[in-house]
Each structure stands twice: as C-alpha cells, then as structure tokens.
Number of protein chains: 2
Amino acid sequence: MSQPQIDSSNADRRSQILEAALVCFAKRGFHQTSMHDISGEAGISVGLIYRYFENKEAVISAMADRHKEEIQQMLERARQAPSLLESLEILFTAHCCENEPRLISAFVVDLYAEASRNPHVADLTRDVLETAMAGVRDLIARAPEGQNTGSNLTPDDVAELIFAVARGMLMLDVLRPHEMTAAERRMRQLEVTRRLWRLLFKPEGELTYA
Amino acid sequence: MSQPQIDSSNADRRSQILEAALVCFAKRGFHQTSMHDISGEAGISVGLIYRYFENKEAVISAMADRHKEEIQQMLERARQAPSLLESLEILFTAHCCENEPRLISAFVVDLYAEASRNPHVADLTRDVLETAMAGVRDLIARAPEGQNTGSNLTPDDVAELIFAVARGMLMLDVLRPHEMTAAERRMRQLEVTRRLWRLLFKPEGELTYA
DNA sequence: GGAAGATGAATGAACGTTCATTCATTGTCA
DNA sequence: TGACAATGAATGAACGTTCATTCATCTTCC
C-alpha cells in the first residue's frame, strides 16, 4: 500500500530492520517484542519502521519470507554436498550459527507457534516445509546411498521421518542451557544425524532380509 | 504468597481456570491471551483469577505443571500397554484429543517457545522431557522387542530418536489444516509411529548382519 | 454477624501506530 | 558556480487502545 518499492536502496534498510527483529524476536518472542525494541536494536527511530513495513504483522510475515529464502539456500548447499550423509549434516546443523546459538531455533519454534493461529504464517511455513521436503526427497532419489534403505520405506516416508527428527531436535535446542556453545550444539546434532542415517541407509554393506 | 492453600475446594476452581486458560492459550498464545479472555472462557470474573493465581506468569507455570502431570499419566498408560509398539502408539497420539484437535499441539509448541526465554518454564519442560525419556528408556529395556534393535543403538539413543520424532510430528500438527479431524491426525501419527518402530525394532524376524 | 467467595469498575503502564517537523541531499536556474 | 527550491528519509512526542492488576463492594453460607 503505502510501502515504498522494494528496490536495492530500500532492501538494505529492510534487512537491517529484519536483522534487528530476528534478534528481538528470538530474545523475547513476537508478541513480547515492541516496535520500540526493534527500533532500538536497529539503531533507528520507531517511525522509520513504518516507512518500510505496513505494521508489526508485516514484519513477522517478512521474517517468514526471509526464513524461506534461507531454507532454500541451505537446501542448495545440501544439494552440492558430495554425499547424502553430508547433505543431511547440513540440514541438521543449519541453525547452529557460530555467533548467536539458539537464535534461529527460538525463532523457528516461535514461527510454528505463530503459524498455529495466523493462517498467513501457517501457509508460508507449510510452503517452506513442503519445498524443503521435496528437495530432500529428490536428494535421496538421486544419491546411490538412498537406494538401499532398510525396511520398505518410500523416499516420501524417509523424507518425512528426516524432517520430523530435524524439527524435533530444533525444538530440543531451545531447552538446552544457554551456556552450551554453537560447537557443542552442532556436535549433538551431528551425532543424531549419523545415527538416523545409519538406521535409514545402513551403509556398511549390511543387508536386510528380502 | 497471597494465594490460598491448594486444598480440594480450591483445586476445583484452579483447574476450572486452567482448563479455560488452555483453550485460550491454544487459540491465541500465552501473550496474546488477556486475563479477561481467560475469565470469560471460564465464566468467572477477572478478579477471581487473582485469588487463585498470583499473576499471569503463575497461570503459565501452573499450566506447565499440569502438562507434566498429564505426561506422567500418559506414560503410565504407555507402561501398561501389552506391547512396545502399542506403548509408542500411545506416546505418539496422546495429543490427538477427540474434541479440540490441535489444542494440545498448539499449547506444547507455545510452551517450548516460552521455555526459550523463560528459565523457569525451561526447567519445568526439561524436567518433563527427561522424566518421560527415562520412562521410555525403561520401557524399551524391559520389552522383549526392545532387545534386537537394528544397528548398535543404545536404549538412550533410541529414546532420543523416538522423542525427536514425536516432538517433530507434534510441531507438524499445528501446520495441518484446521479442517483435519482428530481421527485423521491420529491416523497420520500412527503411520509414522509404525514406520519408526519397524525401523528401530524390525519385528519380522529380519536380522541385521553381525 | 462475619468470614470467605466473588464481582467488575478503576488504575496506570505499555503498546502499536500516526504525523508534524527537521534537515541532509539533490535538482534547477541564472 | 552559487542561491534557492524541492524532496523524502528520519525523528520521536503524542494518541488511542489494551492489558495486568487492584480493591471497594456485594453475595453466600454457616
């Protein structure tokens, strides 16, 4: 409506605001974060936010959009990994940022909480999830390791399980003590990833009966 | 402090309020729910809530406590199931209540979101999780099916995977369309449960090499 | 009568949002 | 080039609203 066009000059300001919003949202949650919090974190005035976003709701939506793009970039990196295991490792540790551990986990859990009552956010989140799952399904179908899965699971079933575990571990991440470093979180994630991988794709030449 | 003793007469009122709070919290989230919303849902006055809870924070904490008790009851039911698979099925479908589907899922996702920034809620949630995981670990150790797991996973590893999948599926539940019934949600959960079970415990006499 | 239960109008702080105003930058014309 | 006009990004005080919390008042029951 009254928002300016999203050209390159505006894009900077927008992402500056979104960056600040991410920090605030992760720290306090969507609805406990005030517009003043965001403006303070971004080092700008409150009013300026309204030049780039129609209202607070629009900031939340834009964050969901941004999350979608980040997931797609993550998926691209996973696609280029040399092995299926390494793809999964990228998928499972994408949220363990060196600086700011827990930040993304907290944001994503909040995003799902928001999705449970905001249909627009729910649509966006579902869309992100389905795109990502399709990507992983493809990855499995293409990879040589992906062929001989234990049990008779379809690539769909396998992708669903993988994403359930990934989401579940992300949820666990917000419960972990604040003192835990990104490296430690990462290591925990990797352990689970490798266990799941062995379970799903049994690489050591083991063969299931039939 | 100024709260009355929690004797049997007060307990009724308290759970009436908590019941109403669960509905409101699931519908709008902790921080978008006003005390007036809760009093309206419970059919009592605002002021009365403050006779039974010190403040809004205390209502949230009490909800977390209640959740702990419900998880423990669920675990007790799981313990009495005749097979390990059936125990897992109880564990994975506990949130699919006949009336009010999504209600518990939305609450739990919100609980984790709250835990990410409220240390008291985080401690409570961690405690619930650890108790429940210990229970399932025991269940696995006792069950005959639990002995021959695929791969060389410890009961600890298996329990961690099971809970990750359960949490992840619960998170997915809030993304499902509102139109989906409790029975449909339940069926989806059961499919995933059985797939995971087959993967973990391979019941059909199949044996992994070595 | 009085103790405990229950009410809901009142309070004040905090919030999202608006908008009159400032001012550095850019464009215009001699 | 220099004087002046126009722009619109940026500010932050102010507004109307909502909310958690309080408390004077009323009801109930022994």
Side-chain angles (χ1 to χ4, degrees), chain A residues 1-64 110 114 117-118 120-121, chain B residues 1-64 110 114 117-118 120-121:
Chain A
M1 317 256 159
S2 59
Q3 286 166 56
Q5 305 282 54
I6 306 179
D7 59 23
S8 63
S9 62
N10 287 344
D12 281 354
R13 258 287 128 87
R14 276 179 68 94
S15 40
Q16 178 193 3
I17 292 169
L18 289 179
E19 198 59 50
L22 174 64
V23 174
C24 294
F25 286 164
K27 216 180 289 179
R28 292 187 257 281
F30 292 153
H31 300 289
Q32 282 172 286
T33 294
S34 74
M35 295 302 257
H36 282 85
D37 290 336
I38 299 175
S39 74
E41 179 72 34
I44 58 172
S45 65
V46 216
L48 191 55
I49 298 177
Y50 287 88
R51 185 165 280 274
Y52 294 90
F53 297 93
E54 202 185 340
N55 50 32
K56 193 180 177 182
E57 185 82 353
V59 177
I60 296 175
S61 285
M63 292 285 299
D110 242 52
E114 185 64 18
R117 55 192 93 100
N118 181 332
H120 179 224
V121 173
Chain B
M1 312 245 163
S2 60
Q3 287 165 56
Q5 303 284 55
I6 307 180
D7 59 26
S8 63
S9 63
N10 287 345
D12 281 352
R13 259 285 131 84
R14 274 179 70 93
S15 40
Q16 178 192 4
I17 293 168
L18 290 179
E19 198 59 49
L22 174 64
V23 174
C24 294
F25 286 164
K27 216 179 287 177
R28 291 188 257 284
F30 293 153
H31 300 289
Q32 283 173 285
T33 294
S34 72
M35 296 301 260
H36 278 85
D37 290 336
I38 299 175
S39 74
E41 179 72 34
I44 57 170
S45 66
V46 217
L48 191 55
I49 299 177
Y50 286 88
R51 183 168 282 274
Y52 294 89
F53 296 95
E54 201 184 343
N55 51 30
K56 194 180 176 182
E57 186 81 355
V59 177
I60 297 175
S61 284
M63 293 285 298
D110 241 56
E114 184 64 18
R117 56 191 93 97
N118 181 332
H120 179 223
V121 173

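Just so we're on the same page: letters track the sequence lines, and every chain starts at 1.
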Requested in this report: Could you run through nucleotides 14-21 of chain C and give me one letter per nucleotide, 5' to 3': B if any protein heavy atom sits under 4.0 Å from the base, S if only the sugar-phosphate is that close, - if neither?
Outcome: -SSBBB--
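- Distance A/Ile17 CD1 to D/dA10 C1': 11 Å, rounded to the nearest Å.
- For the pair B/Ile60/B/Met63, no side-chain contact is recorded, criterion being any heavy-atom separation below 4.5 Å from C-beta on.
- If you take OH on A/Tyr50 and OG on A/Ser45, they are separated by 11.5 Å, rounding to the nearest 0.5 Å.
- Checking D/dT11, D/dA9, C/dA6 against the side-chain heavy atoms of A/Tyr52 singles out D/dA9 as nearest.
- A side-chain contact (heavy atoms from CB on, under 4.5 Å) with B/Leu18 is found for one member of B/Val59, B/Val23, B/Ile38 and no other, namely B/Val59.
- Side-chain N/O atoms of A/Arg13 include one lying less than 4.0 angstrom from OP1 or OP2 on D/dA10.
- Shown here are the salt bridge (Lys or Arg N to Asp or Glu O under 4.0 Å) partners of B/Glu57, two or more places apart in sequence or in another chain: there are none.
- Between B/Ile17 and B/Phe53, the closest side-chain pair of non-hydrogen atoms falls below 4.5 Å.
- Atoms CE and CD1, from B/Met35 and B/Ile49 in turn, are 5.0 Å apart once rounded to the nearest 0.5 Å.
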Requested in this report: For nucleotides 24-30 of chain D, just jot down a letter per nucleotide in 5' to 3' order: B, S or -, based on protein non-hydrogen atoms under 4.0 Å.
Outcome: -------
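- For the pair B/Arg14/B/Glu19, no side-chain contact is recorded, criterion being any heavy-atom separation below 4.5 Å from C-beta on.
- At a threshold of 4.5 Å between non-hydrogen side-chain atoms, the residues A/Lys27 and B/Arg117 do not count as touching.
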